[in-house]
Amino acid sequence: MHNVLPPESKFALENSCNRIVGKTIGEIAKTYGVVVPKNLKHFKGWIGQLFEYALGANSGSKPVPDFEHLGIELKTIPISDKLKPLESTYVCNINLHNLVQQTWENSLVKKKISHVLWVPIISISDNIANRIVAAPIFWRPSVEELSVIKGDWHELIEYLALGQVEDIHGKLGIFLQVRPKAANSKSRSKAVNQIGQLYKTLPRGFYLRASFTEQIIKNNYL
DNA sequence: AGATGATCATCT
DNA sequence: AGATGATCATCT
């Protein structure tokens, strides 16, 4: 399998996107000689990784944007034929201890969502290979969108800073929410409780709600 | 353990 | 059917 070099510019990345739009997952996989799994149960991140490879994203599992030199984050997103996202979008992990020096301005959420390349995949077919790549979208949040997300972030971080991790649930937040992000419900990571003691709890992550990403996609297509 | 890539499964 | 909570694979 040959190596795909990172795009040198946003223009180069746009050209790569133009080459894959309208293709099926099967066609793209064939280009790189990889086998498409029958389903994603045991390969949940497979499509995302295929596009990281095809577009030359190379940041690996480091907590930085996929195209680090361009400051662009890559997100594949499954959508219906009516442009509705079928899933929420994972943004990043949450540090449940050491919250004092975290600010919105230096937050990973802000960094990750400031410039996103959305690659919507029309996922009507259960057959992964038959799913179709819709037009990729280079998106920057508007001032209004950013302000709502900033408000969500502050509300959610407030719980964590007060040691109320266990009171957080998926219903909180307008665009941004907190949900478990773990291998299973027995996974544990470091957190602080209300009286400042370290303890272990279920790891959590920030996610963008599907109702929000639906607007991003519709604003760009309709 | 914590970061990346997410989707699955169950509840409402 | 949509949303929340649970889960799967891989890398460092």
Ranking Gln49(A) and Leu202(A) by the position along DNA chain C of their nearest nucleotide, the one closer to 5' is Leu202(A)
When rounded to whole Å, the CG to C1' distance for the pair Leu40(A) and dG5(B) reads 11 Å
Leu96(A) CG to dA1(B) C1', in whole Å, measures 12 Å
Lys111(A) atom NZ is separated from dT4(B) atom C1', nearest whole Å, by 16 Å
Which of dC8(C), dG2(B), dT7(C) is nearest the side chain of His42(A)? It is dC8(C)
**OP:** Just call it for Glu214(A): base, sugar-phosphate, or nothing, with non-hydrogen atoms closer than 4.0 Å on any strand.
**Re:** nothing
| Does Ser88(A) put a side-chain nitrogen or oxygen below 4.0 Å from OP1 or OP2 of dT4(C)? | no
### Message
What I want to check is whether an N or O donor and acceptor connect the side chain of Tyr207(A) with the base of dA6(B) at under 3.5 Å.
### Response
yes
Taken to the nearest whole Å, CG/Asp81(A) to C1'/dA1(C) is 15 Å
message = When you measure from the side-chain N and O atoms of Ser189(A) to the phosphate of dG2(B), is any distance below 4.0 Å, counting only OP1 and OP2?
response = yes
Whole-Å distance, Lys181(A) NZ to dC8(B) P, equals 13 Å
Does Tyr90(A) reach the main-chain N or O of Asn93(A) with its side chain, forming a donor-acceptor pair under 3.5 Å?
yes
Q: Please evaluate the base of dT7(B) for a donor-acceptor partner in the side chain of Lys41(A) within a cut-off of under 3.5 Å?
A: no
Heavy-atom nearest pair, Cys17(A) first then Leu117(A), reads SG-CD2, 3.8 Å
For Leu108(A), the side-chain contact (heavy atoms from CB on, under 4.5 Å) test, sequence neighbours excluded, returns Pro63(A), Cys92(A), Lys112(A)
Please classify the nucleic acid contact of Pro78(A) as base, sugar-phosphate, or nothing, using heavy-atom distances under 4.0 Å. sugar-phosphate
Which of dA6(C), dG2(B), dA9(C) is nearest the side chain of Arg179(A)? It is dA6(C)
Winner on side-chain proximity to Lys200(A), out of dA6(C), dA3(B), dA1(B), is dA1(B)
Hits for salt bridge (Lys or Arg N to Asp or Glu O under 4.0 Å) against Lys23(A), two or more places apart or cross-chain, chain-then-number order -> none
Nearest-nucleotide check on DNA chain C, Lys84(A) vs Lys186(A); residue mapping nearer the 5' end is Lys84(A)
All heavy atoms of Val165(A) vs all of Ala191(A), minimum pair found to be CG2-CB, 4.4 Å
Determine the contact category for Thr76(A): base if any of its heavy atoms lies under 4.0 Å from a base atom, sugar-phosphate if only primed atoms, P, OP1 or OP2 are that close, otherwise nothing. sugar-phosphate
note: Phe206(A), atom CZ; dA3(B), atom P; distance rounded to Å ~ 12 Å
Original post:
For dA3(B), does either OP1 or OP2 sit under 4.0 Å from a side-chain N or O belonging to Asn93(A)?
Top reply: yes
Subject >> Phosphate-side-chain proximity, Lys75(A) and dA6(B), N/O vs OP1/OP2 below 4.0 Å >> reply: yes
Next item on the list: Under 4.0 Å between any heavy atoms, over every strand shown, what does Ala210(A) touch: base, sugar-phosphate, or nothing? Just pick one.
Entry: nothing
From CD of Glu52(A) across to P of dA3(B) the rounded distance in Å is 17 Å
Below the 4.0 Å mark, does dG5(B) have OP1 or OP2 next to a side-chain nitrogen or oxygen of Tyr90(A)? no
Next on the checklist: Between Lys112(A) and dT4(B), is there a contact of a side-chain N or O with OP1 or OP2 at under 4.0 Å?
Outcome noted: yes
note: Lys44(A), atom NZ; dT7(C), atom P; distance rounded to Å ~ 9 Å
Categorize Gly170(A) for me: base, sugar-phosphate, or nothing, with a 4.0 angstrom heavy-atom threshold over every strand shown. sugar-phosphate
Among the nucleotides dT7(C), dG5(B), dC8(B), whichever has the atom closest to the side chain of Glu87(A) is dC8(B)
Comparing nearest nucleotides in DNA chain B, the 5'-proximal residue of the pair Arg131(A), Cys92(A) is Cys92(A)
| request: Using the six-membered ring of Tyr199(A), assess whether NZ or CZ of Lys190(A) lies under 6.0 Å from its centre and within 45 degrees of the ring axis. | output: no
Tightest non-hydrogen contact, residues Pro85(A) and Ile77(A), listed as CB-CD1, 3.8 Å
